[in-house]
Asks: 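Take a look at the following structure, please.
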Amino acid sequence: MPRLSAWMLRAALVALAVGSLLGAGMLAAPGGGVVRWRPLHAELMLVGWMVQFALGTAFWILPRFRQGAERGREGPGWLAFALLNLGALLAGVGGSVAGPGGWTLAGRTAELLAVAALAAQAWPRVKPFGQAGRAA
């Protein structure tokens, strides 16, 4: 497994654990002030867990190149990893503490840029079955 995929999958599992604990806390204290953490819980579970797990698996499982670096340039993948986690935290904390606004918009923008970065990195690796790959 490539190093980037391992880090993305580990971070996804951490987001799952933290999001689950946050959800359990909200269930244990209904009607309290804990409900304000719902946006952070949603970001951790949907983006931090599910999207990051899917992107990490995609980076790992997509066809490799036969020549050059197996998976092409990894820089955009690492950028996607950083932007996705930063975006999930910004959008989640922004929605929980500051309410919808600048933080949430910045987080969503970072998440969108993260997906675009990983898509750009993976695009040359998507090819019809049986077609030989070459480094881009």
Asks: What is the minimum heavy-atom distance between Ala91 and Glu111, and which atoms define it?
Replies: CB-OE2, 4.1 Å

Asks: Measure across Pro39 and Arg36 and return the closest heavy-atom pair with its distance rounded to 0.1 Å.
Replies: CD-O, 3.3 Å

Asks: Is it the case that one hydrophobic cluster holds both Leu13 and Met45, taking links as side-chain heavy atoms less than 4.5 Å apart, direct or via other members?
Replies: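 Linked, Leu13 and Met45 end up in one cluster.
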
Asks: Within the side chain of Ser5, is there an N or O that forms a donor-acceptor pair under 3.5 Å with the backbone of Phe59?
Replies: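 Here the side-chain-to-backbone pair does not exist.
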
Asks: Taking atom CH2 as the centre, does Trp78 end up with more than 12 heavy-atom neighbours from other residues, nucleotides or ligands that are less than 6.0 angstrom away?
Replies: yes

Asks: Give the cluster check for Val97 versus Leu40: same hydrophobic cluster or not, with ILVMFWY residues linked at side-chain heavy-atom distances below 4.5 Å.
Replies: yes

Asks: Which atom pair, heavy atoms only, marks the closest approach of Gly107 to Leu90?
Replies: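 Shortest heavy-atom separation between Gly107 and Leu90 comes out as CA-CB, 3.7 Å.
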
Asks: Would you please name every residue forming a side-chain contact (heavy atoms from CB on, under 4.5 Å) with Val18, sequence neighbours left out?
Replies: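 Expected list: Val14, Leu44.
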
Asks: Quick one: does any side-chain atom of Gln121 pair with a main-chain N or O of Ala117 as donor and acceptor, under 3.5 Å?
Replies: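 Looks like no, no N/O pair under 3.5 Å.
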
Asks: Would Leu4 end up clustered with Met50 when hydrophobic side chains under 4.5 Å apart are linked, directly or stepwise?
Replies: no

Asks: Listing request: all salt bridge (Lys or Arg N to Asp or Glu O under 4.0 Å) pairs with a residue in residues 39-49, at least two apart in sequence or in separate chains.
Replies: Glu43-Arg108

Asks: If you take all heavy atoms of Leu84 and Ala114, which pair is closest and at what distance?
Replies: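 Taking Leu84 first and Ala114 second, the nearest heavy atoms are N-CB, 3.5 Å.
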
Asks: Any chance you could measure Phe81, atom CZ, to Leu86, atom CG, to the nearest 0.5 Å?
Replies: 11.5 Å

Asks: Once rounded to the nearest 0.5 Å, what's the spacing between atom CG of Leu89 and atom OG of Ser96?
Replies: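 It comes to 10.5 Å.
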
Asks: Is Leu79 reachable from Val47 through a run of I, L, V, M, F, W or Y residues, each pair having side-chain heavy atoms under 4.5 Å apart?
Replies: no

Asks: What class does the angle between the rings of Trp49 and Phe53 fall in, given that below 30° is parallel, 30 to 60° is tilted and above 60° is perpendicular?
Replies: tilted

Asks: Under 3.5 Å, is there a donor-acceptor pair between the side chain of His41 and the main chain of Gly19?
Replies: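 Confirmed, His41 side chain pairs with Gly19 backbone.
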
Asks: With the 4.5 Å side-chain cut-off for hydrophobic clustering, are Met8 and Val51 part of the same group?
Replies: yes

